[in-house]
Visitor: 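The structure is given below, and queries will be raised subsequently.
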Number of protein chains: 4
Amino acid sequence: MGGTMDGTKQQRRGNTRQRIQDVALGLFAEQGYEKTSLREIAERLDVTKAALYYHFKTKEEIIVSLFEDLTKPIEDLIEWGRRQPGTLETKEEIIRRYGEALAGAEPLFRFMQENQATVRELRIGDTFKDWMRGLRDILIDPDAELVDQVRSVSAMFTLHAGMFVMRDLEGDSEKKREAVLEVALDMIRQAHEHARHKGD
Amino acid sequence: MGGTMDGTKQQRRGNTRQRIQDVALGLFAEQGYEKTSLREIAERLDVTKAALYYHFKTKEEIIVSLFEDLTKPIEDLIEWGRRQPGTLETKEEIIRRYGEALAGAEPLFRFMQENQATVRELRIGDTFKDWMRGLRDILIDPDAELVDQVRSVSAMFTLHAGMFVMRDLEGDSEKKREAVLEVALDMIRQAHEHARHKGD
Amino acid sequence: MGGTMDGTKQQRRGNTRQRIQDVALGLFAEQGYEKTSLREIAERLDVTKAALYYHFKTKEEIIVSLFEDLTKPIEDLIEWGRRQPGTLETKEEIIRRYGEALAGAEPLFRFMQENQATVRELRIGDTFKDWMRGLRDILIDPDAELVDQVRSVSAMFTLHAGMFVMRDLEGDSEKKREAVLEVALDMIRQAHEHARHKGD
Amino acid sequence: MGGTMDGTKQQRRGNTRQRIQDVALGLFAEQGYEKTSLREIAERLDVTKAALYYHFKTKEEIIVSLFEDLTKPIEDLIEWGRRQPGTLETKEEIIRRYGEALAGAEPLFRFMQENQATVRELRIGDTFKDWMRGLRDILIDPDAELVDQVRSVSAMFTLHAGMFVMRDLEGDSEKKREAVLEVALDMIRQAHEHARHKGD
DNA sequence: GATGAATGAGCTTTCATTCAT
DNA sequence: TATGAATGAAAGCTCATTCAT
C-alpha cells in the first residue's frame, strides 16, 4: 500500500475541494440547483455529505465559490472596458472577449442562464445584474436611439443564445461559434454606425 | 353592477381553479417553481393544500395547465407559419405575432425563461423545444449561410430578451417594445436579403 | 307507483348500496382494506365519494355491513351446533356446513384471512373471535387429550387453508373441495375416536 | 454488568438499527403494517423520523430487512429438504424443523400471517409464496392421492395455526407446542403411509 | 340520491445542516 | 480530513369525512 504510484487516495488529497466544485457544477447545470441535493453530490464523489461541509459552509457557498473562481475574466473585462474610450474598436473587443469568457466557463453560464430564478435569490444574483449593466453601459451610447440601444443589448444576448440554442443547429461547432460572433459584431457595428451619423 | 363590492366569499365560488392558476403563476414567476410550495399558494388563497389537490392532481399539473391554457396562440402561429410560403412577408409576420404572443402571456414566458432547468424536466419541456424548432424551421432557409441562420435565431431571441432585460433600460415601455420589434425585424430582413442574393 | 314489484325506482334503491358492497369487497379482498380508498371504490362505480356516504356512514360500515349480510349462515350454524348433542355426527355436520359457509362467501373470508390485523381492530374483530371460540367449543370435548383438541381445531383450519392455498395445487376444483372436506372430517373423527376410548 | 444503570443514551449508540427493527416488528405485528406509522416507531424510540431514514431507505425496507434477517433458517431448511430423499424421515424432519423455525421468529410470522394482503404487495410477497411451494413440493408425492396431498399441506398449516390460534386454548404452552407438532407429524405420516400402499 | 367543493389530520419522504469523534 | 449519526423543518400528497345544494 505504502504510497507508490499515486493510488487514487494520494492524488485526491488536497483537491477534494476542486472535485466537489466540478461535480457540483456538472449536476447544477444538468438538473438545476434546487433539484441537485448534497447527497447526490456526495454520492458521486464517494464521500459523505459531512465531508462537503468541511470544505464549504453551505450549499450556496459551493455555487458562490464557483462563481468567484470562474468569473474573474468577466470582471476584468468590465474593468478594462470601463477605462477604454467608447470607440467601435473597444466595443468589438468587448464582444469578442465576452464571447470567449462565456465559452471558457460554459457550464457555469449555462447554469446561470437556466436557473435565473434561483440565481436571483442567491447572493450572487446582484453581481450578475451588475455585470449585465456594466457591459451594457460600455456598449451603449447613452444618447443613442432606443433602437440602437436594443441592438447593443441584443448583441450580447446573441452570444448567450449562441451557447445553448445553436446546439441543435447543425454544422461544425467551431464554425458556428464564428458565425455567432460575426452576427454579434455586426449588430454592434450597426448600432455604432447609426450613432455616428446622428452625432454628425 | 348588481351586488356592489360583492364580498370576497361570494365571488370565489366556482372560480377557485382559476384563482389557483393565477396565484401559482405569479409565485412561480417570482420565486421559481421549486421554491414555491403548495402551502404558500394555498395560504395566499386562504384555502387548504388539500383544496389544491381537488383541482389539480399534482403540482406539475398546475404549471402544465397554465401552459396548455396560455400557449394556444403560439401553437396556432407555428401551424399557420408552416403553411405559408417562405417569403420575407411570412417571416416578418411570424416575428410580429410571436412578439405579441410573448407579450400576451408575459408571466408564463418569464417563468419559462427563468426556470429552464426545471421546465426541461417537466412534461412540457419537450413541447417547448418543439416550438423553438418549429419557429426556427420557418424562419431559416436551410441552404442559407450559417451566419444568416444565426441571425434568424437571434431575431427570435431578441424578442425573448426584450421581455426581461429591457426592463432596466430606461424609456417608455411601449416605445421599447416597438424598438425591440424593429431590431428583430431588421435582423430577419438582413438574413433574408443575403439569402436572396446568394440565390441569384 | 304504490309499491308494485320492481318499478325501476324501487329496484335501484338498495341496488347502489349493493353495488358498493360488491365493488368494495372485491377491492378489499384484492388489495386489503387499508390500501383500498373510497376514491377508488367510487371511481370504479362511476359515482362520487360523497355518494358512498349517502349509503354508508363510514368506511368501516361498508365492511361491517358485508360482514352482517354474509355471515348469517355461520351464526346460524353455531346456534344450531350448540343445541345438538356432542356426538360425532354433530361434529361432522358442523365441519360439512362450515365448509359450505366458507365457500358461499369466499371473497369475504379471504378478506378476513388476509387482513386479520385490520379485522382485529375493526368492530367486527370480536365477533370473529367469538365464532372461532363457538365452533371450537362445539367440536372439542373439554376433557379430551390436548392432542385431540389440537386435531379438532386443525380440522377447522384445514377448511380455511383449503380456500386459499389449495388454489395452486393442481386438479379439478370440485375434487379439491371434496378432498379438503374429507381430510377435515377425518381429523375430527380421529379426535372423537380417541376421546371415546379414553372415556371407556 | 459493568456500568450499572447504564444510562439509556450510552447504550443506544451503535445499535439503533436493531432497535428500529425490534420496535417496528413489534408494532407491525400488533397493529398491522399500514396502521403503523413511522412517527409512531420514531416516538417509541425517542428519535426523529429522519433518523429512521438514516438507517433504512424506506418503510418497506424495514420490513424487508427483518425478513432477510429472520428467514435464513427457513431458506436453509428448504435447501436441505430438496437434497434429501423423499422418505418419511425427511418429511418428519422438515415438519419438525419448520415448527422450530416458526417458533424462532414468532412475531415476524404472526405479522406475515395477519398481513397477508400487505405482504403480497410488498417485495417479499413472492419469496413467501416460493417457500410455501418449496415446502409443499418436498412434502408431497406428486402421484399421491389428492386427499393425501391435502393432508400434507394441512400439516404445514397446522403448524401455522398452532402459533396463533392455540393461544386461547388453555394449557401449558410447551405442552401445546408438542401437541401441535404431534398432530402435524401424524398427518404427514398418514399421507405418506397411503402413498406407500398405493405404490405396492 | 347524489354532487362539488373543501377540510383537517396525517402520511412517507427529502433536505440542508450539525457535531462528536 | 473526514465520517456516523442524527435533527428540524418542510415538502408533496392522500385519505376519510362533511355539508350545502
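Because the structure is a prediction, the values reported are computed rather than measured. A, B, ... follow the sequence lines: proteins, then strands. Residue 1 opens every chain.
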Visitor: Please state how far atom CZ in Arg19(D) lies from atom C1' in dA6(F), giving the value in whole angstrom units.
Guide: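 Nearest whole value for this atom pair: 13 Å.
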Visitor: Counting heavy atoms not belonging to Arg44(B), are there more than 12 under 6.0 Å from its CZ?
Guide: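 Open: at most 12 neighbouring heavy atoms sit under 6.0 Å from CZ of Arg44(B).
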Visitor: Picking from dA2(E), dA6(F), dG12(F), which would you name as closest to the side chain of Tyr54(D)?
Guide: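 Closest nucleotide to the Tyr54(D) side chain: dA6(F).
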Visitor: Within this structure, what is the CD-to-P distance between Glu61(C) and dT18(F), rounded to whole angstrom?
Guide: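 After rounding, the gap between these two atoms is 12 Å.
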Visitor: Of the nucleotides dC13(F), dA6(F), dA2(E), which has the atom closest to the Thr58(B) side chain?
Guide: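 For Thr58(B), the side-chain atoms sit closest to dC13(F).
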Visitor: With both distances under 3.5 Å as the test, what is the Watson-Crick or G-U wobble partner of dC11(E)?
Guide: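 Base partner found: dG12(F).
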Visitor: Tell me the interatomic distance from Ile62(A), atom CD1, to dT17(E), atom C1', rounded to whole angstroms.
Guide: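 Going from Ile62(A) (CD1) to dT17(E) (C1'), I get 12 Å.
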Visitor: Do Thr16(D) and Tyr54(D) have side chains that get closer than 4.5 Å, going by heavy atoms?
Guide: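 They are not in side-chain contact.
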Visitor: Applying the Watson-Crick and G-U wobble criteria at under 3.5 Å, what pairs with dA20(F)? Answer none if nothing qualifies.
Guide: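 The base-pairing partner of dA20(F), which may sit in any strand shown, is dT3(E).
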Visitor: Is it true that a side-chain atom of Thr36(B) and a backbone atom of Leu27(B) form a donor plus acceptor pair closer than 3.5 Å?
Guide: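 Pair found, side chain donor or acceptor close to backbone of Leu27(B).
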Visitor: Rounding to an integer number of Å, can you tell me how far Gln18(B) CD sits from dA5(E) P?
Guide: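 It works out to 14 Å between those atoms.
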Visitor: Do Glu61(D) and His55(D) come within less than 4.5 Å of each other through their side chains, counting heavy atoms only?
Guide: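 Glu61(D) does not reach His55(D) side chain to side chain.
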Visitor: Counting only non-hydrogen atoms, which of residues 43-52 of chain C are less than 4.0 Å from DNA chain E?
Guide: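 DNA chain E contact set from residues 43-52 of chain C: Val47(C), Thr48(C), Lys49(C), Ala50(C), Ala51(C).
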Visitor: Could you report the tightest heavy-atom contact between Tyr53(B) and Leu38(B), atom names first, then the distance?
Guide: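 Residues Tyr53(B) and Leu38(B), closest heavy atoms: OH-CD1, 3.0 Å.
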Visitor: Can you list the residues that meet the side-chain hydrogen bond (donor to acceptor under 3.5 Å, both in side chains) rule with Ser65(A), with sequence neighbours excluded?
Guide: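 Per chain and number, Ser65(A) pairs via side-chain hydrogen bond (donor to acceptor under 3.5 Å, both in side chains) with Gln21(A).
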Visitor: Name the closest nucleotide to the His55(B) side chain, picking from dA6(F), dA6(E), dT14(E).
Guide: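 Ranking dA6(F), dA6(E), dT14(E) by closest atom to the His55(B) side chain puts dA6(E) first.
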Visitor: Any chance CD of Glu60(A) has more than 12 other-residue heavy atoms, nucleotides or ligands included, within less than 6.0 Å?
Guide: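 Yes, enclosed.
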Visitor: Give a yes/no verdict on a cation-pi contact between Lys59(A) and Tyr33(A), requiring under 6.0 Å between NZ or CZ and the six-membered ring centre and an angle within 45° of the axis.
Guide: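 Lys59(A) over Tyr33(A) ring: yes.
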Visitor: Where along residues 20-38 of chain C does a heavy atom come under 4.0 Å from DNA chain F, residue by residue in number order?
Guide: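 Nucleic-acid contacts, sorted: Thr36(C), Ser37(C), Leu38(C).
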Visitor: When you check the phosphate oxygens OP1 and OP2 of dT14(F), does a side-chain N or O of Arg39(C) lie under 4.0 Å from one of them?
Guide: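 Answer is no, no contact under 4.0 Å.
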Visitor: Ring-plane angle category for Phe109(C) and Trp131(C), please: parallel below 30°, perpendicular beyond 60°, tilted otherwise.
Guide: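 Ring orientation of Phe109(C) relative to Trp131(C): tilted.
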Visitor: Within this structure, what is the NZ-to-P distance between Lys59(B) and dT14(F), rounded to whole angstrom?
Guide: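 Answer to the nearest Å: 15 Å.
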Visitor: May I have the distance from Phe56(A) (atom CZ) to dT18(E) (atom P), rounded to whole angstrom?
Guide: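 Between P of dT18(E) and CZ of Phe56(A): 16 Å.
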Visitor: Would you say dA5(E) has OP1 or OP2 under 4.0 Å from some side-chain N or O of Thr16(B)?
Guide: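 Negative; the distance criterion is not met.
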Visitor: For Tyr53(C) and Tyr53(B), take the nucleotide of DNA chain F holding the closest heavy atom to each; which residue's nucleotide lies nearer the 5' end?
Guide: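 Looking at the nearest nucleotide for each, Tyr53(B) comes out on the 5' side.
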